[in-house]
Amino acid sequence: MTCPLLYRFRVVDRLPERPSPAAVRGTIVHSVLERLYDLPAGARTVEAALDMLEPQWERLLREEPGHAAMFDGEEDLARWLEQAREMVRRYFTMEDPRRLEPAERELYVEAVLDGGLLLRGYIDRLDVAPTGEVRVVDYKTGSAPGPEFEARALFQMKFYALVLWRLHGRVPRLLQLMYLGDGEVLRYSPDEHDLRATERKLWALWRAIERSLTTGEWRARRSRLCGWCDHQSICPEFGGTPPPLPERHPGDTLATTRRPRGTAADEF
């Protein structure tokens, strides 16, 4: 949806990309909020969450030592960590974790639509009321989008709602996006009409992908997001030439094998 050529580079070519400080910070904050709910309700305090942040960064650095190269010295790293702390603090102004008992965290889900298209992804948090109503919660470490971009932001949530509906036969009651960058919360109550429309859109996207597989044409779509793209040097929009297509089909991404979160295969 953002750029067909970028989809090709990530999913078909699987080209490496530099770690982004913003994305890595998001990973750390997500890890803290997930583990916060391992604590007893009364212990879920701001101080407890902040105490988790640096250990989570150290854990990630052991797994991905190259992330250290994102920073120009200790001061740069200290500023980055403080920004992460501010997001954790802001979370506590948005809801009280001592009053919540999530049913699931970092929940991996997958469902097959009629026709064989496999959808899968990870849901940050699933809350289930005593009456059985479901709330899907996703944490975002950026700021809330303007009204003109809300529909795009909600598409991801409708994707999750569609998967849950197909799995369990019940439409989630509420979709909730929590923007830790500015403390805004975007809520939406879907219905079956919404989710059927989302399913049609997903099929249209997959047909577009199959056409590109057949024709070999993956068009670049220029936007302000190009400024953050690692692939400008091989993008025709910037005078580059894409590499030859690899001799394999990205249908591998539809295999039932579970992949680690964050791979292009898991984020349709």
Could you walk me through whether Trp80 and Trp57 satisfy the side-chain contact (heavy atoms from CB on, under 4.5 Å) test, starting with their C-alpha distance in whole Å, then the side-chain angles of each, then the deciding distance to 0.1 Å, before giving a yes or no? CA-CA 11 Å; Trp80 180 83; Trp57 163 237; 3.7 Å; yes

Verify same cluster id: [X], [Y] (apolar side-chain graph, 4.5 Å):
X      : Y      : result
Val11  : Leu117 : yes
Leu6   : Leu245 : no
Val137 : Leu175 : no
Ile123 : Val185 : no
Met1   : Leu225 : no

Got a donor-acceptor contact below 3.5 angstrom from the [X] side chain to the [Y] backbone?
X      : Y      : value
Thr198 : Phe159 : no
Asp127 : Ala103 : no
Asp194 : Asp191 : yes
Ser212 : Trp218 : no
Arg59  : Glu54  : no
His168 : Leu164 : no
Arg90  : Gly181 : yes
His67  : Leu60  : no

Taking atom [atom1] of [X] and atom [atom2] of [Y], what is their separation to the nearest 0.5 Å?
X      : Y      : atom1 : atom2 : answer
Met52  : Ile28  : CE    : CD1   : 13.5 Å
Asp182 : Met94  : CG    : CE    : 7.5 Å
Leu186 : Met178 : CG    : CE    : 11.5 Å
Gln176 : Met157 : CD    : CE    : 8.0 Å
Leu154 : Arg187 : CG    : CZ    : 12.5 Å
Tyr122 : Glu106 : OH    : CD    : 8.0 Å

Under the salt bridge (Lys or Arg N to Asp or Glu O under 4.0 Å) criterion, do Arg222 and Glu237 qualify, and how do the steps go? CA-CA 7 Å; Arg222 192 161 189 157; Glu237 288 291 314; 3.8 Å; yes

With the side chain counted from C-beta on, respond yes when [X] and [Y] share a heavy-atom pair under 4.5 Å apart, and no when they do not.
X      : Y      : answer
Arg170 : Val134 : no
Val136 : Leu174 : no
Asp138 : Tyr179 : no
Ser233 : Phe238 : no
Leu5   : Arg219 : no
Asp13  : Arg8   : yes
Leu53  : Arg85  : yes
Leu177 : Tyr188 : no

Using the rule given for side-chain contact (heavy atoms from CB on, under 4.5 Å), can you reason through Arg135 versus Arg173, listing the C-alpha separation, both sets of side-chain angles and the distance that settles it, and then say yes or no? CA-CA 6 Å; Arg135 175 171 64 181; Arg173 174 69 180 84; over 6 Å; no

Should the heavy atoms of other residues, nucleotides or ligands under 6.0 Å from CD of Glu63 be counted, would the total exceed 12? yes

What do you reckon, is CD of Glu58 surrounded by more than 12 foreign heavy atoms closer than 6.0 Å?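 Atom CD in Glu58 is packed in, count exceeds 12.
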
Quick one, Arg196 with Glu199, criterion salt bridge (Lys or Arg N to Asp or Glu O under 4.0 Å). Give me CA distance, side-chain angles, the key distance, then yes/no. CA-CA 5 Å; Arg196 292 186 193 280; Glu199 184 169 342; 5.8 Å; no

Between Leu36 and Val88, is the side-chain contact (heavy atoms from CB on, under 4.5 Å) condition met? List the steps. CA-CA 11 Å; Leu36 179 66; Val88 171; over 6 Å; no

Apply side-chain contact (heavy atoms from CB on, under 4.5 Å) to the pair Tyr91 and Val29, showing each step before the final yes or no. CA-CA 10 Å; Tyr91 168 72; Val29 172; over 6 Å; no

Minimum-distance pair of heavy atoms, taken over all atoms of [X] and [Y]:
X      : Y      : result
Arg166 : Ala111 : CB-CB, 4.0 Å
Cys3   : Ala220 : SG-CA, 3.8 Å
Val171 : Pro190 : CG1-O, 3.7 Å
Phe9   : Pro243 : CE2-CD, 4.1 Å

Between Tyr108 and Glu110, is there a side-chain donor-acceptor contact under 3.5 Å, judged purely by atom types and distance? yes

Can the ring centroids of Tyr7 and Trp206 be said to lie less than 6.0 angstrom from one another? no

Assess whether salt bridge (Lys or Arg N to Asp or Glu O under 4.0 Å) is satisfied between Arg125 and Glu95, documenting all intermediate values. CA-CA 14 Å; Arg125 198 179 89 207; Glu95 63 182 6; 2.6 Å; yes

May I ask you to say whether [X] pairs ionically with [Y], meaning some side-chain N is under 4.0 Å from a carboxylate O?
X      : Y      : value
Asp38  : Arg35  : no
Asp124 : Arg105 : no
Glu86  : Arg89  : yes
Arg44  : Glu101 : yes

Please name all residues satisfying side chain to side chain contact (heavy atoms under 4.5 Å, CB included) with Asp114, sequence neighbours left out, ordered by chain then number.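 Applying side chain to side chain contact (heavy atoms under 4.5 Å, CB included) to Asp114 gives none.
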
Pairs involving residues 15-24, ordered by first then second residue, that meet salt bridge (charged side-chain N to carboxylate O under 4.0 Å, His left out) (sequence neighbours left out): Arg10-Glu17, Arg18-Asp230

